[in-house]
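Here is the structure we will look at, set down as structure tokens.
Every chain is numbered from 1, with letters handed out A, B, ... down the list of sequences.
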There are 2 protein chains.
Amino acid sequence: MADRLSPRARQIVAAARELLEKDGADALTMRRLADRLGIRAPSLYKHFPDKAAVEVELIAEGMEELARALEAAEATGPAKATGPAEAAGRVEAADPADVMAGLGAAYRAYAFAHPHLYRLMSAGPFPRDLLPPGLEDRTAMPLVRVVGDPDRARAAWAFAHGMVMLELDGRFPPGADLGPAWRVGLTALVRPV
Amino acid sequence: MADRLSPRARQIVAAARELLEKDGADALTMRRLADRLGIRAPSLYKHFPDKAAVEVELIAEGMEELARALEAAEATGPAKATGPAEAAGRVEAADPADVMAGLGAAYRAYAFAHPHLYRLMSAGPFPRDLLPPGLEDRTAMPLVRVVGDPDRARAAWAFAHGMVMLELDGRFPPGADLGPAWRVGLTALVRPV
DNA sequence: GTCTATAGTGGGATAGAC
DNA sequence: GTCTATCCCACTATAGAC
């Protein structure tokens, strides 16, 4: 994803990410970014046409990581394996409910591990045309596979995104345990009965 | 809700709302707000301590309206009435699925009728302590009543909020019909079978 | 690839007179 | 309740020298 970038550009993106993750989107300014690199702000424009171009790299990086996290969760399979079948080396089809729970946990974990990056990824108009082709679909596939149809996948995605945003923004009552809400939503949205 | 405000302050809030709804949060500056009222920016500070105080009024206004919209949807009852029972004047318990669909439609409609206000209402840290007491609960009650328990209500709220945000941000594939996703999510989250 | 210098724009907010 | 004058801040971005 960042392969087409020069080494210096990659350093800049790395510094931008540190800045973003540590202090949020407002702290990501060209001046501060330059400061962190020990150079002056105008020098950045030799490597990127504008600030948006730097942000696009961060978004692509985040989406790729999220895609990997979801793929890993999908591959893990059910937490509790059925003993005999596994001992026999037979491949057991994963219970969709387990996969769904795993995907939800992975999504939530990624968002909370990188809250500011997650916000950047999901805020404002989406730079679809500037991102690596296929990345968007790749991120969506694990969910589509487990729920079966696109409409249900969209509903489940909206649920997860909504939970994350409401949690991040402190919208739920302070101190509320949200595990049950996640569980209820994920199980309700797995598959049509 | 705005009863404790002076008449002039109410005019300011009204102008702020016009500005916000028309041009978005970035356009809501003290300078532009003053322009619209035919005064200078510093004069605003005789009525509000700072910009955040104006925004809090807008948030309260939006929440009150949303609460009313949801209460209205709840009271409407099932679209298709069961003829005989109604003719006999007997009160028919509304089908939760119908109520849920109505609440979802009302929520979505409000958000799309006032996208910038909705964003302001649901963005960033929540000024809980500055809002009229009970307003938050009141807005949540219709949903809690129809789904039965708080966890399910939170899940349903997250779903609706997520759908709205993803739609507003153009996150779904361009041209996608999202009616089915809304239907799937709302029916899945109504009640435990 | 970096620098200096600088343009251009915009923002929130205060002091003190009227 | 409004004004003028003003402060101080911050940002993106460009031009041109080294």
Side-chain angles (χ1 to χ4, degrees), chain A residues 2-60 116-117 119-121 123-127 130, chain B residues 2-60 116-117 119-121 123-127 130:
Chain A
D3 316 342
R4 55 209 153 77
L5 267 53
S6 73
R8 190 55 169 148
R10 253 176 280 163
Q11 290 177 349
I12 292 174
V13 171
R17 176 149 182 186
E18 287 175 22
L19 210 47
L20 172 69
E21 299 232 29
K22 190 163 166 286
D23 298 322
D26 287 350
L28 182 55
T29 72
M30 296 304 261
R31 288 179 185 186
R32 274 198 260 253
L33 180 51
D35 274 357
R36 174 165 286 245
L37 290 158
I39 62 176
R40 305 290 168 185
S43 305
L44 296 171
Y45 292 86
K46 297 289 183 183
H47 305 278
F48 291 93
D50 51 31
K51 187 187 172 185
V54 179
E55 289 175 337
V56 165
E57 292 303 322
L58 293 176
I59 292 171
H116 291 119
L117 179 56
R119 278 195 144 94
L120 182 67
M121 287 163 57
F126 194 51
L130 302 175
Chain B
D3 315 345
R4 54 207 154 79
L5 267 52
S6 74
R8 191 54 170 149
R10 253 175 280 162
Q11 290 176 352
I12 292 173
V13 172
R17 175 147 182 188
E18 286 175 24
L19 210 47
L20 172 68
E21 298 232 30
K22 190 162 164 287
D23 297 321
D26 287 350
L28 182 55
T29 73
M30 296 303 262
R31 291 202 215 287
R32 272 199 261 251
L33 180 50
D35 274 358
R36 175 165 284 243
L37 290 159
I39 61 176
R40 305 288 167 184
S43 306
L44 297 170
Y45 292 86
K46 297 289 183 184
H47 305 278
F48 291 93
D50 51 30
K51 187 187 172 186
V54 179
E55 289 174 336
V56 165
E57 293 302 322
L58 292 175
I59 292 171
H116 291 119
L117 179 56
R119 279 196 142 94
L120 181 67
M121 288 164 56
F126 194 51
L130 302 176

> Taking atom C1' of D:dG1 as reference, at what distance in whole Å does atom CG of B:Leu33 sit?
Replying inline: 15 Å
> Rounded to the Å, how far apart are B:Arg10 CZ and D:dG1 P?
Replying inline: 12 Å
>> What is the distance, to the nearest angstrom, from the OH atom on A:Tyr45 to the C1' atom on C:dA7?
In response: 13 Å
>> Before you tell me yes or no, could you show the steps for A:Ile39 and A:Arg8 under side-chain contact (heavy atoms from CB on, under 4.5 Å), namely the whole-Å CA-CA distance, both residues' side-chain angles and the distance that decides it to 0.1 Å?
In response: CA-CA 12 Å; A:Ile39 62 176; A:Arg8 190 55 169 148; 3.7 Å; yes
> The side chain of B:Arg40 lies closest to which of these nucleotides: D:dC3, C:dA13, D:dG1?
Replying inline: D:dC3
> Does the pair A:Ile59 and A:Leu130 meet the rule for a side-chain contact (heavy atoms from CB on, under 4.5 Å), with working shown?
Replying inline: CA-CA 10 Å; A:Ile59 292 171; A:Leu130 302 175; over 6 Å; no
>> Looking at every non-hydrogen atom in both residues, tell me the closest pair between B:Val13 and B:Leu58 and how far apart they are.
In response: O-CD2, 3.7 Å
> Starting at CG of A:Leu19 and ending at P of D:dC11, how long is that distance when rounded to a whole Å?
Replying inline: 10 Å
>> Whole angstroms only, please: what is the CE-C1' distance between B:Met30 and C:dT9?
In response: 19 Å
> What's the CG-P distance between B:Asp35 and D:dT2, to the nearest Å?
Replying inline: 14 Å
> Is a donor on one side and an acceptor on the other found under 3.5 Å between the side chain of B:Arg10 and the backbone of B:Leu5?
Replying inline: yes
>> Nearest to the B:Arg32 side chain among D:dT2, D:dA5, C:dG11, which nucleotide is it?
In response: C:dG11
>> Using the side-chain heavy atoms of A:Arg8, tell me which of these nucleotides is nearest: D:dT4, C:dG1, C:dA13.
In response: C:dG1
> Donor-acceptor pair, A:Lys51 side chain versus A:Leu28 backbone, under 3.5 Å?
Replying inline: yes
>> Let me spell it out: for each of A:Leu28 and B:Ile12, pick the nucleotide of DNA chain D with the closest heavy atom. Which residue's pick is nearer the 5' end?
In response: B:Ile12
> Of the nucleotides C:dA13, C:dG1, D:dT2, which one has an atom closest to the side chain of A:His47?
Replying inline: C:dG1
> D:dC11 P sits how many Å from A:Asp26 CG, rounded?
Replying inline: 10 Å
>> So B:Thr29, base contact, sugar-phosphate only, or nothing? Heavy-atom distance under 4.0 Å.
In response: sugar-phosphate
>> Expressed as a whole number of angstroms, how long is the span from A:Asp50:CG to C:dG8:C1'?
In response: 17 Å
>> Just N and O in the side chain of A:Lys46: are any of them under 4.0 Å from OP1 or OP2 of C:dG1?
In response: no
> Is any side-chain nitrogen or oxygen of A:Ser43 closer than 4.0 Å to OP1 or OP2 of C:dC3?
Replying inline: yes
> In terms of side-chain heavy atoms of B:Arg31, which of C:dA13, D:dT12, C:dC3 is nearest?
Replying inline: C:dA13
